[in-house]
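So the structure is just underneath, and the comments pick up after that.
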Amino acid sequence: MPDMQHEKPVFYAAPENTVPMPTARKKPASAKKAAPAKSLRTADKLARLGLGNDMALVLHLPMRYEDETQLHTIRDASAIHGIPVQVEGVVTDCDIQYRPRRQLVVKLSDDTGLLVMRFLNFYGSQATQMAVGKRLRVRGEVRHGFFGDEMVHPTVKSVEPDAPLPDALTPVYPAGEGLSQGLLRKAIANAMTRIDWSDTLPENLREALKLMPFEPAIRLLHNPPPDVDEHALAERSHPAWIRMKFDELLAQQLSMKRAQAARRQQGAPVLGAPGALTDALLRTLPFRLTGAQQRVLEEARADIRQPYPMQRLLQGDVGSGKTVVAALAAAQAIDNGYQAALMAPTEILAEQHFRKIASWLEPLGVDVAWLTGSLKKRDKEDARARIESGTAQLVVGTHALIQHDVDFAKLGLVIVDEQHRFGVAQRLTLRNKGVGSVPHQLMMSATPIPRTLAMTYYADLEVSVIDELPPGRTPVVTRLVAQERRDEVVARVHAAALEGRQVYWVCPLIEESEALQLQTATETHELLSAALPDLRVGLVHGRLKPADKQQVMDAFARGELHVLVATTVIEVGVDVPNASLMVIEHAERFGLSQLHQLRGRVGRGAAASACLLMYQGPLGPVARERLGIMRETNDGFEIARRDLAIRGPGEFLGARQSGQAMLRFADLETDQWLVEKARDVAQQLLATQSAVAEAHLARWLGAKEDYLRV
Ligand code: ADP
Ligand code: MG
């Protein structure tokens, strides 16, 4: 699968602003001649939208409806702003203008006034359609242009005088480039005459679930009757929508359960009982496992004992102690004669893991290899050789681990930290490095995924949660501080340093430009160094050479720096217990989970810790709410839940994950109850009515083989 970073699900390929093209008028003679070539192209375009077969077309439901049941006069229309209106008139002028850029300008008049229409990208056929004397019905928003009232890119239809107005809402479909609404409507209407309308849900089940039958639901959504509850339709709470959402979620649950079954067919090494190494590690650790760590470790152990690959997500809030669980699982793999690999998304994080885990395992005689892109060629070759021969028992690194020239001798366990930072393809690549069998996979994330998401996007993952922090932590107190009070913040930094504490100062995230972010960090470093001449202030950012970066981080960890000015490179995993104050500038620009991750860098020791979120006012209502959440709670799950409510799941998961998130109709937040129903029904069908399950899957997967696939 390609990296989905910029790829949206096919069904959203049509942004709202796709300009609907006018319905092509047919000229009987030429239309016949051109038909084959044209229909071929249309089929291609439809296929590109994932609409390669009739059922896919029928399940291509409108994103909204247009009310074309009303007609305004041009005079009345020019008083209506912000919403589209429909007018009808006769073309009095049709002209291609070249200034300020090439455009088609058409003047339309009725008895009450004149309207100018502008088309920037237009086909020659449109000029013909809108020739002087033609009667047109046009729909768009009226704007006051320089030369009077105008519509830019209205939808245009040729009509006979006194043509009747439609008495139902007109569906507007997600469309792709070059696919007109008219064309889609026709293709869908045709498909509706051909498909098998049978209901995939047995009557008694459907009634028990109080769901609308399939056929009337589909027909209503494509052609809502005049008396339909328009609000329910727009909100997608209409029973017809509920039926479609349920069917979609059911297909998703079924398909994921099927993937799970397929996974169980794959062979994986049986990593039986923990052995001498695991025992020794437990004995020599400088702390005892918390109850939660013990529990999730047992859960993972139960999985890796099986002859099919584990696929487990280990969730635990920042600082909950996931690393040691990973190390213990790795020790068990090594005890059983297999290699383990740990991959982290950044060099800083990977190196931190390496240092920590090596400090635990090397004294016990384990060969731990270190592999990242920035290693010298010789060191890289050496690491690869040890990995290939099997002398390296544990390998820690970055993306370098999944390069094609890295071959493992006997890979039994793959651990991916901050798994949401990797694409699906990258995780699969590492998993495919097993020889003769599929390694077990343990994924770790500090970004808690709310229940509904875990149930849908991650239906094929077992989830373990560390819901307890190691003892001796004090909760971080979070305060919001306006940018104007920066001096007070600097004074607070000074005071903390005098108490022997250390401080992180995180510079604003500048989305557009890494260079700018760097510049800000450098400036902040200079300003703080000048304002706090008696303190040692360090600077770390992503552009530093790894060795320099490490040097600064080490100095901070050893307490040789009071203040560490940083970009978001310190977001994950950095662990300095003596740091008890964190300042985040322009906190309003950060995502909530990112703020939570950053904040997790403090509160790691016994000292009371604080996080100061500086913001640039005035804050809008959403920004205010978001920062308010940070102040109110330290619970990553609660933050994620509320973040999801504000932003919606697509954004929550981030671009990479949303590649998997291909629900078209259901909304995970508002339709949570449906998700749960669908999951139960999926389980029930697979257990007792597998033919029904197959029929339902066949209908919904149809031409879309990747759709809903994990
Ligand atoms: P995260 O879950 O964020 O990856 P880490 O694994 O980095 O957390 O653990 C955070 C800190 O807590 C580390 O310094 C780690 O050594 C320490 N730690 C982990 N488990 C325990 C425990 N049971 N008792 C005390 N400290 C622990
Ligand atoms: Mg970690």
Side-chain angles (χ1 to χ4, degrees), residues 12 14-25 58 60-90 106 108-113 115-119 129-130 134-144 149-175 179-189 192 212 216-242 244 664-665:
Y12 300 110
E16 281 272 341
N17 57 14
T18 300
V19 181
M21 297 311 248
T23 314
R25 293 280 105 184
V58 171
H60 194 59
L61 298 176
M63 52 184 178
R64 60 189 167 87
Y65 300 89
E66 273 174 3
D67 187 355
E68 294 179 339
T69 61
Q70 312 270 335
L71 204 54
H72 287 87
T73 62
I74 289 176
R75 188 173 52 215
D76 289 350
S78 67
I80 300 175
H81 298 285
I83 54 165
V85 289
Q86 181 170 246
V87 302
E88 185 177 315
V90 173
V106 180
L108 189 77
S109 51
D110 67 4
D111 298 341
T112 67
L115 179 76
V116 175
M117 302 191 285
R118 290 183 192 279
F119 301 86
Q129 184 197 6
M130 295 187 277
K134 297 272 182 171
R135 172 171 288 273
L136 303 176
R137 206 169 266 174
V138 306
R139 190 170 185 283
E141 273 180 41
V142 178
R143 296 192 209 155
H144 291 301
D149 291 337
E150 57 180 54
M151 280 187 191
V152 178
H153 289 191
T155 31
V156 178
K157 226 185 286 183
S158 310
V159 287
E160 302 299 324
D162 300 319
L165 286 162
D167 57 7
L169 299 180
T170 309
V172 179
Y173 295 101
L179 262 182
S180 72
Q181 289 294 320
L183 209 145
L184 268 171
R185 279 176 206 140
K186 196 157 0 123
I188 290 168
M192 288 214 280
M212 196 170 165
I218 289 274
R219 291 200 185 275
L220 182 142
L221 291 174
H222 285 296
N223 301 103
D227 61 345
V228 75
D229 178 349
E230 273 185 63
H231 182 71
L233 213 53
E235 297 278 303
R236 299 196 168 185
S237 59
H238 191 283
W241 270 121
I242 299 293
M244 289 307 115
R664 295 179 274 168
F665 308 141

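Quantities reported herein were computed from a predicted structural model and do not represent experimental measurements. Sequential numbering from 1 along the given sequence is applied to the chain's residues. Just so you know, these numbers use all the heavy atoms, side chains as well, and skip hydrogens, waters and symmetry mates.
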Drop me the distance from Arg143's CZ to Met151's CE, to the nearest 0.5 angstrom. 11.0 Å
Verify side-chain contact (heavy atoms from CB on, under 4.5 Å) between Asn223 and Met192, making sure each step is shown before the conclusion. CA-CA 12 Å; Asn223 301 103; Met192 288 214 280; 3.9 Å; yes
Non-neighbouring partners of Pro225 that pass side chain to side chain contact (heavy atoms under 4.5 Å, CB included), sequence neighbours left out: Leu220, Asp227, Val228
Salt bridge (charged side-chain N to carboxylate O under 4.0 Å, His left out) filter on Glu88, not counting sequence neighbours, yields Arg135, Arg137
Ala77 versus Val85, closest heavy-atom pair with distance: CB-CG2, 3.8 Å
Derivation and outcome, side-chain contact (heavy atoms from CB on, under 4.5 Å), residues Tyr65 and Leu221: CA-CA 10 Å; Tyr65 300 89; Leu221 291 174; 4.0 Å; yes
Which residue is it: Glu235, Arg236, Met212? I am looking for the one with a side chain to side chain contact (heavy atoms under 4.5 Å, CB included) to Trp241. Arg236
Under the ring-ring contact (aromatic ring centres under 6.0 Å, His included) rule, collect the residues that match up with His238, sequence neighbours excluded. none
What's the separation between atom CE in Met130 and atom CG in Leu108, rounded to the nearest 0.5 Å? 10.0 Å
Between the main-chain N or O of Arg75 and the side-chain N or O of Thr112, is there a donor-acceptor pair closer than 3.5 Å? yes
Sequence-distant partners of Ala187, side chain to side chain contact (heavy atoms under 4.5 Å, CB included), two or more places apart: Leu46, Leu57
With sequence neighbours excluded, tell me which residues meet ring-ring contact (aromatic ring centres under 6.0 Å, His included) with His144. His81
Does the side chain of Thr69 come within less than 4.5 Å of Gln86's, by heavy atoms? no
Non-hydrogen atoms of Ala175 and Leu184 that approach each other most closely: CB-CD1, 3.7 Å
Can you check whether His222 reaches Leu61 side chain to side chain, under 4.5 Å on heavy atoms? yes
Do Tyr173 and Met63 come within less than 4.5 Å of each other through their side chains, counting heavy atoms only? no
N/O donor-acceptor pair under 3.5 Å between Asp110 side chain and Thr73 backbone: no
Suppose we screen for salt bridge (charged side-chain N to carboxylate O under 4.0 Å, His left out). Which residues come up paired with Arg219, at least two apart in sequence or across chains? Glu215
Ignoring hydrogens, what is the shortest heavy-atom contact between Ala240 and Ala217? Give both atom names and the distance. CB-O, 3.7 Å
Between His60 (side chain) and Pro174 (backbone), is there a donor-acceptor pair under 3.5 Å? yes
Start with the C-alpha gap between Leu136 and Met117, add the side-chain angles, then the distance that decides, and say whether side-chain contact (heavy atoms from CB on, under 4.5 Å) holds. CA-CA 12 Å; Leu136 303 176; Met117 302 191 285; 4.0 Å; yes
Between Val138 and Leu115, is any pair of side-chain heavy atoms under 4.5 Å apart? yes
Ignoring hydrogens, what is the shortest heavy-atom contact between Ser78 and Asp149? Give both atom names and the distance. CB-OD2, 2.6 Å
Paired with Leu169, the side chain to side chain contact (heavy atoms under 4.5 Å, CB included) test is passed by just one of Glu68, Glu66, Glu230, namely Glu230
